[in-house]
Structures are given as C-alpha cells and as structure tokens.
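See below for the structure under consideration.
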Amino acid sequence: MKLSGTVLITGASAGIGQACARAFAAVGARLVLTARRFERIERLATELREEHGTECHLLELDVRDRESVFGVIGGLPSEWAEIDVLVNNAGLGRGVDKLHAADPDGWDEMVDTNVKGLLYVSRAVTPGMVQRRRGHVINLGSVAGHEVYPGGAVYCATKHAVGAITKGMRMDLLGTGVRVSTVDPGMVETEFSVVRFGGDAERAANVYRGMTPLTPADIADTVVWVATRPPHVNIDEIIIKPTDQASATLVDRPGARA
Ligand code: NDP
Ligand code: 8X3
C-alpha cells in the first residue's frame, strides 16, 4: 500500500491517533499532526522523520476551540493546505456514572470534543476537498455508536452522533468525489480508560484484565486500508472488536479464569 498525499490527524499525541501517524508514515504520506500536547507530537515527528523520512507539519490544537480550529487550519502554509485525508480521531470519554449522578462538566467535554470538535475540523478542511474534487474524511466512531451501555449514555450519544454525521456528510458530499468513512472500534488499550477514569491507572487496567484488547496499531492498520482503496471505492463503516468481545458489555476474560 502506498499513499503519497497529505493526511491531517487530530489527537495524534496518543493512542489510535499516534498509531495512525505511524501507519500513514509507513506508506509514504506527509502528515499534519495536531493535538493539545505539542511536545508529544514533536517527539513523534522526530521519530517519523528518522524512521521513514516523513515530512510533518505540527499544529497545537484544541478541537473544542472553534476560532482556533478555523484560524489554524485556514492559516496552513500553501504547501500544507491541501489535505487529502482527514482523520477525525480526537475524542474522549469522561466517567461511567449514572446520568442522574454524573458531572455535567464531563458531558460538556465529551460533546464539545467528540461532536462539535469533529464538526469544526470537518468544516475547516472539507471546502478545499470539494474544490479539488478529491479527499477522504475518516471518522473514529465506536461500538458505542451502535450500542448503549449503563453509565455511557452521553459518550454513546456522542458516538451515535458521529455515525449520523458520517452518514449526513456522505450525502452532502455526494457528487464531489470526496469520500466519507467511519471506523468503529471496540476495546482498544490506549490512554482512553485512564482519561475516562480521571487518571486512575489501576481502574483503567482493570478494563482489559484477563482479555486481549485491540492495539492502536490494529485500528491504524484498518484506517490506512480504508484510505488506500481505489478512488471509486468508499468504505462506509467498519466495526472492529477484539475476538474476546462480543458486544460493548459482553467480554470473555480467559486470563481471569485460572
Ligand atoms: P487516547 O486518550 O489514547 O487519545 C486521545 C487523543 O485525543 C489524544 O491524542 C488527545 O490529545 C486527543 N484529544 C482529546 N481531547 C482533545 C481536544 N480537545 N483537542 C484535541 N485533541 C484532543 O484515546 P484513543 O486513542 O483510544 O481515542 C481516540 C479515538 O478513538 C477517540 O475518538 C475515541 O473515542 C475513539 N475510540 C476509542 C476506543 C478505545 O477503546 N480506546 C474504542 C472506540 C473508539 P491531547 O490530549 O494531546 O490533546
Ligand atoms: C470506547 C469503547 O466500549 O468503552 O469507544 O465505549 S467503549
């Protein structure tokens, strides 16, 4: 597989976004890497330059900040302004408290990041794609966009929204040559659960206890596959789960049975 264009990834400082950067670099892409933790994307860019000779452009970006999204993406230097693939990956979960007991600040953060941030970045990037009559938006959805589980009402709502936005964007972009896809993982061991549980690493590790989760590289491999299909092929949606997971809440833990 080979991809010679420019790929913009949100949330490239950790987990799936970072793995996507590595996987796109390995197939020859130029990368616009964005995240709030700038030093992390700096380290990643150094690694990718050394390993693959990858050209990288770095943007410190909080996707919740609408002005900043339009300013930073609109202000890309001309040699970086033509984005071929947008990976809308930045996202998070906050807590699993029941709705009647949950902290509304966590709801705001999830909605602002997973839904509004994805919309802002898409709105900033897609007009150029439409003008050039080519491009590909790949959203990170989730099994939580297909199911709902206790304590997950708002996170699941945001991922259902990603599914709806993906479908709507595909309709709106029909006839422009721009493709729209969603890759929807189950359990992937990243910093996701540490963030969800407010930094409680032990509680986060417990989520994956006794089972084999997906790795960020598994998802990146899928995202690169989606991006490298021939231009007339649009992969609408892929759900990818660990073999040890049958639904959002039904998980086999063979390693915990001994
Ligand atoms: P991580 O916590 O490992 O990484 C999340 C990334 O999102 C970080 O790079 C973080 O960067 C970035 N991010 C979070 N908030 C913002 C923000 N406001 N502005 C810009 N960047 C932000 O989690 P994952 O890699 O697991 O998650 C990536 C995506 O995959 C998310 O959309 C998540 O919902 C989805 N997903 C994850 C699954 C899992 O099991 N891990 C399963 C299904 C979907 P920084 O903090 O530096 O800004
Ligand atoms: C993250 C995976 O199952 O915790 O999207 O919702 S899950």
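Whatever order the structure lists them in is the order used to number ligands and atoms, beginning at 1.
Ligand 1 is approached by Gly141 to a heavy-atom distance shorter than 4.0 Å. Within the structure, ligand 1 lacks Pro213 among the residues with a heavy atom less than 4.0 angstrom away.
Of the N and O atoms on the side chains of Thr6 and Arg30, at least one donor lies less than 3.5 Å from an acceptor on the other residue.
Per-residue contacts place Val143 under 4.0 angstrom from the following atoms of ligand 2 (heavy atoms of the residue considered): 3 (O). The atoms of ligand 2 that sit less than 4.0 Å from any heavy atom of Phe192 are 1 (C). Listed by number with element, the atoms of ligand 2 under 4.0 angstrom from any heavy atom of Arg196 are 4 (O).
The shortest N or O to N or O distance between Asn114 and ligand 1 is not under 3.5 Å. Ligand 1 has a nitrogen or oxygen under 3.5 angstrom from a nitrogen or oxygen of Ile16.
Comparing Gly17, Ala21, Gly91 against atom 7 (O) of ligand 1, the shortest heavy-atom distance belongs to Gly91.
For atom 6 (O) of ligand 2, the closest non-hydrogen atom on the protein side is Tyr149 OH, 2.5 Å. Nearest protein heavy-atom neighbour of atom 2 (C) of ligand 2: Ser142 OG, 3.8 Å. For atom 1 (C) of ligand 2, the nearest protein heavy atom (residue, atom name, distance) is Tyr155 OH, 3.3 Å. Nearest protein heavy-atom neighbour of atom 3 (O) of ligand 1: Glu191 N, 3.1 Å.
Contacts with ligand 2 closer than 4.0 Å are made by side-chain heavy atoms of Ala144 only, the backbone lying farther away. When non-hydrogen atoms are compared, ligand 1 lies under 4.0 Å from the side chain of Tyr155 (C-beta onward) but not from its backbone. With a heavy-atom cut-off of 4.0 Å, Lys159 does not touch ligand 2 at all.
Residues Arg22 and Glu47 are paired through a salt bridge, judged by an N-O separation under 4.0 Å between the basic side chain and the carboxylate.
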